[in-house]
Amino acid sequence: MHRKLKGALAGALLTSTLVAGTIVTVGAQDAKEIVTVVKLSGIAWFNRMEEGVEEYAEATGNNATQVGAATADAALQVQLIEDLIARGVDAITVVPNSPQTLEPVLARALENDIVVIAHEGATLQNITYDLEAFDNAAYGEHLMERLATDMGGEGEYAVFVGYLTSVTHNSWVDAAIAYQEKNYPNMTLVGGKQESAEQQQQAYQKTRELLRTYPNLKGIQGSAGEDVVGAALAVEEAGMSDQVSIVGTSLPSVSGPYLETGEIDMISFWDPAKAGYAMNVLAEKALAGETIENGADLGVEGYNDVKLDGKVVYGQAWVDVTADNMDEYDF
């Protein structure tokens, strides 16, 4: 267990188990079964999220676990959730590949009195709450501001999303493009939205194609955790490192070597472990009949003063990392 994570989440046990002013020890018969369903297993982002889920389980005594398919397939997510409904779990937290595809099965979960907490699923209707690390439009604008600064406010750029159905990724990119059009009219989007399928190899191949088609490309903004690394590898191989600026969402453990060399200028992210922990806290509160209000404290750094918009709960949890501060993050 990371000491840094333990320190950041140390207060969460008190927040999540304090009922009517009394600390409650969750016994085996009172433990809730909360299962987090992620987009896919085996990549750094969701490995890190699982650390937060495990930390929550250890801190509270609830039976909190994480599952995910080997590929980022919405149909496989549906199957996993169907299995959880049949098991009769108390709560499901989910990071959707395709929110539209999940709506019917999440409706069935609610019909079976299962609490449903989404993450990166702000458009979902059949949920108890959706937890967002921050306002998506503000985050997209933030990434574009950095990219525009690195590009000198002019030239051609490209954008990546994990999937064209990824609501969160598209929210970032749409806000970034709108911000660019308003504030940097001498920049031009080329190639439309590139789809990486959350895979470094696909981002690499798509970037190679972009560089051949648009030899004057000056910037790339990534959304999925592997996008910027695939792009950086292609740019490096093409000998265009001094020409193309790269920013986007990733983790230091994924992007570190390219941050060090300068191929990637900046990454931004929210800690998936804290998001995993906070989702479980939110599920526990919903199971206890608590209503989340503006200013609520989930007991997790970045989610101490949340804002509510309908069913969507917003934190303030993004951080920026460059070569100068990457050593502060060990994941």
Side-chain angles (χ1 to χ4, degrees), residues 38-39 45-46 49 72 74 93-103 106 116-148 157-184 189 192-196 198 220-228 247-251 266-272 274-276 278-279 282 292 294 296 298 300-321:
V38 297
K39 292 180 179 180
W45 187 271
F46 293 117
M49 180 169 282
T93 73
V94 59
V95 188
N97 282 307
S98 171
Q100 302 93 319
T101 303
L102 293 190
E103 287 284 18
L106 295 182
V116 177
I117 306 297
H119 179 54
E120 299 187 62
T123 62
L124 282 166
Q125 299 301 309
N126 291 302
I127 54 173
T128 309
Y129 291 107
D130 172 72
L131 179 71
E132 299 293 323
F134 39 70
D135 177 83
N136 288 320
Y139 182 69
E141 291 172 357
H142 172 70
L143 291 176
M144 178 53 68
E145 177 61 35
R146 174 57 192 252
L147 184 63
Y157 73 95
V159 296
F160 277 85
V161 294
Y163 287 92
L164 296 176
T165 56
S166 299
V167 173
T168 305
H169 292 183
N170 282 275
S171 296
W172 301 340
V173 165
D174 289 344
I177 294 168
Y179 183 83
Q180 170 265 305
E181 291 173 344
K182 179 179 179 181
N183 296 281
Y184 296 98
L189 173 67
K193 294 176 182 176
Q194 302 293 315
E195 194 175 36
S196 69
E198 308 260 352
I220 295 171
Q221 179 178 321
S223 298
E226 306 284 344
D227 290 352
V228 291
V247 305
T249 304
S250 192
L251 292 175
M266 183 189 79
I267 61 170
S268 297
F269 58 91
W270 64 106
D271 186 343
K274 293 176 185 175
M279 279 193 289
L282 198 55
I292 304 302
N294 281 325
L298 301 186
V300 183
E301 183 182 357
Y303 304 90
N304 302 112
D305 182 18
V306 301
K307 306 302 178 187
L308 191 69
D309 182 6
K311 295 180 181 179
V312 183
V313 179
Y314 292 100
Q316 308 86 30
W318 88 57
V319 295
D320 295 330
V321 171

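Just so we're clear, the structure is a prediction, and the values are computed from it rather than from any experiment.
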Is [Y] close to [X] at the side-chain level, that is, under 4.5 Å between some pair of heavy atoms?
X: V159; Y: W172; result: no
X: Q100; Y: T123; result: no
X: R146; Y: Q221; result: no
X: L251; Y: P272; result: yes

Quick one: does any side-chain atom of [X] pair with a main-chain N or O of [Y] as donor and acceptor, under 3.5 Å?
X: Y163; Y: A72; answer: yes
X: Y139; Y: A133; answer: no
X: E132; Y: G121; answer: yes
X: T128; Y: I117; answer: no

Contacts of [X] that satisfy side chain to side chain donor-acceptor pair (under 3.5 Å) - sequence neighbours left out:
X: Q180; value: Y157
X: S268; value: D320
X: T168; value: none
X: T101; value: S98

Among residues at least two apart in sequence or on other chains, which ones pass side-chain contact (heavy atoms from CB on, under 4.5 Å) with [X]?
X: S171; result: N136, V167
X: N183; result: Y179
X: A275; result: M49, H119, W270, Y303

Rounded at 0.5 Å granularity, tell me how far [atom1] in [X] sits from [atom2] in [Y].
X: L131; Y: L298; atom1: CG; atom2: CG; value: 6.5 Å
X: M144; Y: L147; atom1: CE; atom2: CG; value: 5.5 Å
X: D135; Y: H142; atom1: CG; atom2: NE2; value: 13.0 Å

Compile the donor-acceptor pairs under 3.5 Å between side chains in residues 310-319 and protein atoms, sequence neighbours left out, one pair per line.
{"from": "K311", "atom 1": "NZ", "to": "Q125", "atom 2": "O", "distance (Å)": "2.7"}
{"from": "K311", "atom 1": "NZ", "to": "I127", "atom 2": "O", "distance (Å)": "3.3"}
{"from": "Q316", "atom 1": "NE2", "to": "D305", "atom 2": "O", "distance (Å)": "2.7"}

Show the nearest heavy-atom pair for residues [X] and [Y], with the distance to one decimal.
X: S250; Y: W45; answer: O-CZ3, 4.2 Å
X: V247; Y: L143; answer: CG2-O, 3.8 Å
X: D227; Y: S196; answer: OD1-OG, 2.6 Å
X: A224; Y: G162; answer: CB-CA, 4.0 Å
X: I292; Y: V306; answer: CG2-CG2, 4.2 Å
X: T249; Y: S223; answer: CB-O, 3.2 Å

For residues 136-145, which residue pairs pass the salt bridge (Lys or Arg N to Asp or Glu O under 4.0 Å) check, not counting sequence neighbours?
none
Could you please spell out the steps behind the side chain to side chain contact (heavy atoms under 4.5 Å, CB included) verdict for V116 and L124?
CA-CA 11 Å; V116 177; L124 282 166; over 6 Å; no
Can you list the residues that meet the salt bridge (Lys or Arg N to Asp or Glu O under 4.0 Å) rule with E198, with sequence neighbours excluded?
K39
Kindly write out the residues that satisfy salt bridge (Lys or Arg N to Asp or Glu O under 4.0 Å) with D174, not counting sequence neighbours, or none if the list is empty.
K193
Under the rule for ring-ring contact (aromatic ring centres under 6.0 Å, His included), what residues qualify as partners of F269, not counting sequence neighbours?
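ring-ring contact (aromatic ring centres under 6.0 Å, His included) check on F269 returns Y329, F331.
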